[in-house]
Amino acid sequence: MSSLLPFDSVLCNLLGLSVTLWFTLLLVFIIVPAIFGVSFGIRRLYMKTLLRIFTWATLRIERGVKENSHALYKPLTNGIIAKDSTSLEKGIYEMRGSGRSHDGPEFELSDIFYFCRQGMESIMDDEVTKRFSAEELETWNLLSRTNYNFQHISLRLTVLWGLGMLVRYTFLLPLRIALAITGVSLLVFGTTVVGYLPNGWFKEFLSKHVHLMCYRICVRALTAIITYHGSENRPRNGGICVANHTSPIDVIILASDGYYAMVGQVHGGLMGIIQRAMVKACPHIWFERSEVKDRLLVANRLTDHVKDESKLPILIFPEGTCINNTSVMMFKKGSFEIGATVYPVAIKYDPRFGDAFWNSSKYGMITYLLRMMTSWAIVCSVWYLPPMTRQEDEDAVQFANRVKSAIARQGGLVDLLWDGGLKREKVKEAYKEEQQKLYSRIISGNQENRSRS
């Protein structure tokens, strides 16, 4: 037994040295830069290296497919099938025949075929369902879950994929988990301590920098590479920041560059601990489960907040659900009714490094975070757009649509009128009634034309 003691001592010394070296590197290259908001450019270099590898892997796949005479799957660049938008009236008249008079009989049997065709097109090319599935990539990023062409092409490509998986699961994953635990722990501890300070500029100063530091550490836990545009349009106090919603990490992406008041439902467990700590240092707005459906109560709380220009801008995702980085869907009108200045923000992820979209119907939060932390990186662009206010002749819905269109246009996203809630719900009767009313107006108009003649 005595002969084993020196070996045990050496092993303990090596282990202690490894842990010390690990935390020193963690402190010097990640935590300290996060505190001061600086970067050494390591992540950018890492991103460029990955792009070169992905390009080589894609070319090797295409060459291997040609050599084996296999069909190469090529997805659409934005994951959608473009269709010309045609009004109901125009579609009906086209179905009836362009050479026929439009003031004929109020109803024709051929009108049925128009609705049948629309129904079949909707089933084959559903504009809603496809927004809740991951984008298919044109290039392969060495993640087997992201390209249908993944198969054995060559030994070199298979070895490269295996090495990539080894790096992601044995190096990046432990590092990212350590960073995530560090960031969340510091957020809870820091905001709790700051919460005991008396209200004033010093408390606000500390709270802001504690939040920024912790969110920046969490950003590094995802190896997130973010490019911000239009910083002069950053949301200001007394306003509302609205953004398109792809992932729960949208909050971290924005909060690592700005100081916001969050809005959300009170949770239990770890999330509840974080919420209770955060609200001590910053005036976040948390609602009880029973209060969330009370639209008047929610509107009053938001109105009271934005009336005080000394309070932080509110961060809201008005879609109410996550969309797959190709589109922007209907904005809920609540945050556009209270008369505050709206600061639109467009977020667009680069799916080549990892799919940021959270399909909550398919993956739980833990599974989703595991997929994020085993991706290569999270790369995205954020655009701060000029502030917008509601015009005199606009209602809340029109204002919301105008803001949504500006976000979609800047982010290169498809602007859709559909409600994202259709992911889990049936089509509302109001949508069906709207189509019925449109068709009724066509018939009524024809009837009036006949009576006049």
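Just so you know, residue 1 is the first one in the sequence shown, and it goes up from there.
When every heavy atom of Ala340 is checked against every heavy atom of Gly238, the shortest pair comes out as CB-O, 4.2 Å. Among all heavy-atom pairs drawn from Ala406 and Met388, the shortest one is CB-SD, 4.3 Å. Nearest heavy-atom pair, Tyr169 versus Leu173, reported as atom, atom and distance to 0.1 Å: O-CB, 3.7 Å. When all heavy atoms of Phe353 and Ser375 are compared, the closest pair comes out as O-CB, 3.8 Å. Contact between Thr192 and Ala277 at its shortest, heavy atoms only, is OG1-CB, 3.5 Å. Considering all non-hydrogen atoms of both residues, Lys203 and Pro198 come closest at CB-O, 3.5 Å.
Residues satisfying the side chain to side chain donor-acceptor pair (under 3.5 Å) criterion with Arg43, sequence neighbours excluded, are absent altogether. For Arg276, the side-chain contact (heavy atoms from CB on, under 4.5 Å) partners are Ile273, not counting sequence neighbours. Listed by chain and residue number, Ala346, Trp383, Leu385 satisfy the side-chain contact (heavy atoms from CB on, under 4.5 Å) test with Gln410 (two or more places apart in sequence, or in another chain). Partners of Lys208 according to the side chain to side chain donor-acceptor pair (under 3.5 Å) rule, which considers only residues two or more places apart in sequence or in another chain, do not exist here. Every residue meeting the side chain to side chain donor-acceptor pair (under 3.5 Å) condition with Arg402, not counting sequence neighbours, appears here in chain and number order: Glu394. Shown here are the side-chain contact (heavy atoms from CB on, under 4.5 Å) partners of Lys362, two or more places apart in sequence or in another chain: Asn359. Considering only residues two or more places apart in sequence or on other chains, Arg236 meets the side-chain contact (heavy atoms from CB on, under 4.5 Å) condition with Tyr343. In this structure Asp308 satisfies the side chain to side chain donor-acceptor pair (under 3.5 Å) test together with Ser310, sequence neighbours excluded. For Arg44, the salt bridge (Lys or Arg N to Asp or Glu O under 4.0 Å) test picks out no residue, with sequence neighbours left out.
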Start with the C-alpha distance between Tyr228 and Val382, add both sets of side-chain angles, then the distance that settles side chain to side chain contact (heavy atoms under 4.5 Å, CB included), and finish with yes or no. CA-CA 5 Å; Tyr228 297 97; Val382 175; 3.7 Å; yes

Full working for side chain to side chain contact (heavy atoms under 4.5 Å, CB included) between Val210 and Thr191: CA-CA 7 Å; Val210 165; Thr191 51; 4.2 Å; yes

Run Cys241 and Ile314 through side chain to side chain contact (heavy atoms under 4.5 Å, CB included) and show every step you take. CA-CA 6 Å; Cys241 173; Ile314 299 174; over 6 Å; no

For side chain to side chain contact (heavy atoms under 4.5 Å, CB included), just list the numbers for Val328 and Val414, CA-CA rounded to whole Å, side-chain angles, deciding distance to a tenth of an Å, and then say yes or no. CA-CA 6 Å; Val328 184; Val414 180; over 6 Å; no

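Atom CZ in Arg176 sits 8.0 Å away from atom OG1 in Thr374 (nearest 0.5 Å). Here the CG atom belonging to Leu172 is positioned 5.0 Å from the OH atom belonging to Tyr46, to the nearest 0.5 angstrom. A distance of 8.0 Å separates CG in Asp350 from OG in Ser381, rounded to the nearest 0.5 Å. Once rounded to the nearest 0.5 Å, the distance linking CE of Met372 with OH of Tyr363 reads 10.0 Å. Leu254 CG to Ile226 CD1: the interatomic distance, rounded to the nearest 0.5 Å, is 8.5 Å. The distance from the CZ atom of Phe357 to the CD1 atom of Ile323 is 7.0 Å, given to the nearest 0.5 Å.
No side-chain heavy atom of Trp376 sits less than 4.5 Å from a side-chain heavy atom of Thr223. Residues Pro387 and Asn233 meet the side-chain proximity criterion, which asks for heavy atoms closer than 4.5 Å. At a threshold of 4.5 Å between non-hydrogen side-chain atoms, the residues Thr326 and Leu413 do not count as touching. Side-chain atoms of Ile407 and Val345, non-hydrogen and from C-beta on, never get closer than 4.5 Å to each other. In this structure the side chain of Leu187 reaches within 4.5 angstrom of the side chain of Ile274, judged on heavy atoms. Residues Leu186 and Thr182 have side chains in contact (heavy-atom distance under 4.5 Å, counting atoms from C-beta outward). In this structure, the side chains of Ile378 and Ile225 stay at 4.5 Å or more apart for every pair of heavy atoms. Side-chain atoms of Cys322 and Pro248, non-hydrogen and from C-beta on, do get closer than 4.5 Å to each other.
Among residue pairs with one or both ends in residues 186-205, those qualifying as ring pair (Phe, Tyr, Trp, His ring centres under 6.0 Å) are Phe205-His209; sequence neighbours excluded. Every pair tested for salt bridge (charged side-chain N to carboxylate O under 4.0 Å, His left out) that includes a residue from residues 212-229 fails, sequence neighbours excluded, so the list is empty. Pairs passing the side-chain hydrogen bond (donor to acceptor under 3.5 Å, both in side chains) check and including a residue from residues 239-252, sequence neighbours excluded, read His245-Asp250, Ser247-Tyr368, Asp250-Tyr349.
Residue Ile240 is tested with Ile338, Leu302, Leu315 for a side-chain contact (heavy atoms from CB on, under 4.5 Å); the sole match is Ile338.
Under a 4.0 Å N-O distance rule, the pair Arg390/Asp395 does not qualify as a salt bridge. With respect to the salt-bridge test (charged N to carboxylate O, under 4.0 angstrom), the residues Arg409 and Asp415 do not qualify.
Centroid-to-centroid, the aromatic rings of His284 and His305 stay 6.0 Å apart or farther. A distance of 6.0 Å or more separates the ring centres of His229 and Tyr384.
Formation of a donor-acceptor pair under 3.5 Å by the Lys404 side chain with backbone atoms of Phe331 is not found in this model. Using a distance-only test at 3.5 Å, with no hydrogens or angles considered, a donor-acceptor pair links the side chain of Thr55 to the main chain of Leu51.
When the shell of 6.0 Å around CD of Gln391 is examined, it contains more than 12 heavy atoms from other residues, nucleotides or ligands.
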